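As the structure is a computational prediction, the values presented were derived from the model and not from experiment.
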Number of protein chains: 2
Amino acid sequence: MQRKPTMNDVAHRAGVALKTVSRYVNGDPTIGADYADRIREAIAELGYRRNMAAARIRPGQSAKMIGLIISDLSNPYFATLARAIELGAAAAGYMLTIASSEEDGARHDLLVDRLLEQQVDAIIDVPPRAPGRAWRDIPPPLPPLVFVDRPSDWAAADTVLADNAGGARSATRALLHAGAGTVAFVGDSVEIFTMGERLTGYRQALVEADRPVDDDLVRDTVHTVDDAMRVVLDLLAGGRAQAVFAANNRAALGALRAFRLAETFLPMIGFDEFEAAALINPPISVVSQDIQAMGRAAADLAVARLNGSDIPCTTTVLPTSLILRGSERLLPAF
Amino acid sequence: MQRKPTMNDVAHRAGVALKTVSRYVNGDPTIGADYADRIREAIAELGYRRNMAAARIRPGQSAKMIGLIISDLSNPYFATLARAIELGAAAAGYMLTIASSEEDGARHDLLVDRLLEQQVDAIIDVPPRAPGRAWRDIPPPLPPLVFVDRPSDWAAADTVLADNAGGARSATRALLHAGAGTVAFVGDSVEIFTMGERLTGYRQALVEADRPVDDDLVRDTVHTVDDAMRVVLDLLAGGRAQAVFAANNRAALGALRAFRLAETFLPMIGFDEFEAAALINPPISVVSQDIQAMGRAAADLAVARLNGSDIPCTTTVLPTSLILRGSERLLPAF
DNA sequence: GTGAAAGCGCTAACAA
DNA sequence: TTGTTAGCGCTTTCAC
């Protein structure tokens, strides 16, 4: 493998000074046309490619790279979010270094360290459920920071959230409105911010409708689809639940499996759109987050900071929408 | 925002030479214990963090970063693949810069250029359907290169594929075996490598069973779910197809929509697992690729090259598995 | 075992 | 408009 041609090689070949090549490469317009031609030729002949790593070591320079930490790239929700962020970043000329924290605080912190070592221009972060080191314990300077999906203890950063409580509230209300006497909550640990919010919204809806909050109907230990299935089977056996609010994707899929297994279908609404939702019989109603908008907002906020925006840090809460497809009612046909 | 502490600052603070700090940071064992302590303290007090970008500019150094180009991060197939690659890369201490080519050759080439500028240690690539610049036209030196999911014209790279033909063959065979007199092929353009392979497998199965290949039953113009739905409705109207092999995800979803619309269900098998497959009634049989294994293999190959492996370039073809759930048979109940 | 000096590829200041 | 010089933060000779 031969040596990579450097800017110096180009300068020699073109018979100009190093700095002139640098100017050319950086799009400086004040270059004589003949010089520009010679440089262009030399670059083509040598197959020269600029070394961003070298350019970046100088303070004030950047590699046009944003670091993104999410929970798990194979989760469609986060994949979609990452994609939306990628689009927003690309529009401003940034690429993305993406890493999965697996909701593990220690791993998350390690990823932060590595991104900082890499001198990324900004970090967009989904704070993990299991908390690690606090951001304030990281010695400054920190690059611009944006939190998505969940907030953080660190105030000096922009935050983009969905209206989890509102979505859960409208879903629960829709179930009650469709005639359910009781509604069960099936979700992951309420220590996860979004789950806590969704539980709050669920409770609000019950209180507003003058229904008691039955703790036996609140199940917040669902980490996997299988967990959810077991929990819903248990709820079916208990006989107290007349409807199910599945507070995330996995909970919804698990509930559907349980219904199929038990050959009983309770009215249900899920949180987050999923591929199967419209195809299943009955089609599943869901609370839908505008993931594209969240990702775009996060990327735009990061880019704005990189462009020197100095406005106070903001928290953006994006609305959710309730998509009713029929599963909120009890279907005699099933 | 204050200045970042440098290795020099640490050296001053600890009262040692710059090089000693460098040794410490790089894990050189030949350092006096007292020196090491002093350096560790100085690093902690200053909040020093190593600047990988600076370390990397020296030839032979690396930032432990692999570039990954896929079609679309929001596609669950590629998100899962990316996640598997991330795991393999992380195991060897590498992070991933991920970008979506959107199947666009020009965009793909731009991403390659940017990754090369970033001095990534290796590139893992899903070649886009629309071809752009050939790899051989890129002036060397190139970092190690691995192709996943589809092969490329470029021989000097390892390649990881799934056994598309074999999967299609077994699916078609299963449909015939279940009693179908004819099987339709519904898929995307056979110019896409994976599609061509799947069509080949489909044909093999027909030939092996002494059935004619009816060109009217081969539909390779399905780019979207809607396309697929229309094509399958047309097949139903034609009356010649007794079963459907849906050669990708979108084809399978479209077929299901068509069946629902026409209130007719033909025996079918899809290619690629999808979330809804097991939940739909009847549960859909699919050819499943081991995406984890593919991603892992790709990452391992890249890492092996980075570790200096000099063995000839390989093409790994991973087996697919046929998951029969019932949709391959005609269900009277539907 | 430790340190001084040179230089990686590039950009910023300043001259010319 | 172009070139010269210095230096970014780090690693690498090669002395001590």
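Salt-bridge formation is detected for the pair A:R83/A:E86: a Lys NZ or Arg NE/NH1/NH2 atom is positioned less than 4.0 Å from an Asp or Glu carboxylate oxygen. In this structure, B:D9 does not pair ionically with B:R13, as no charged nitrogen and carboxylate oxygen lie closer than 4.0 Å.
Taking the C1' atoms of five terminal pairs at each end of the helix from C:dG1-D:dC16 to C:dA16-D:dT1, the two resulting helix axes are inclined by 30°, rounded to 10°.
Phosphate contact (OP1/OP2 of D:dT11, side-chain N/O of B:R56, threshold under 4.0 Å): absent. At least one side-chain nitrogen or oxygen of A:Q61 sits closer than 4.0 Å to the OP1 or OP2 atom of C:dA12. Between C:dT2 and B:T20, no contact under 4.0 Å exists linking OP1 or OP2 to a side-chain N or O.
Surrounding CD of A:E45 are more than 12 heavy atoms belonging to other residues, nucleotides or ligands, all under 6.0 Å away.
In this structure the side chain of A:K19 reaches within 4.5 angstrom of the side chain of A:R23, judged on heavy atoms. Inter-residue side-chain proximity for A:P143 and A:I66 is flagged as unmet; no heavy-atom pair is nearer than 4.5 Å. Using a 4.5 Å heavy-atom cutoff, the side chains of B:I98 and A:L96 are not in contact. Contact of the A:I124 side chain with the A:L301 side chain is not registered, since no non-hydrogen atoms from C-beta on lie closer than 4.5 Å.
Between the side chain of B:D125 and the backbone N or O of B:F147 there is no donor-acceptor pair closer than 3.5 Å.
Shown for residues 23-46 of chain A: residues whose heavy atoms fall under 4.0 angstrom of DNA chain C, namely A:N26.
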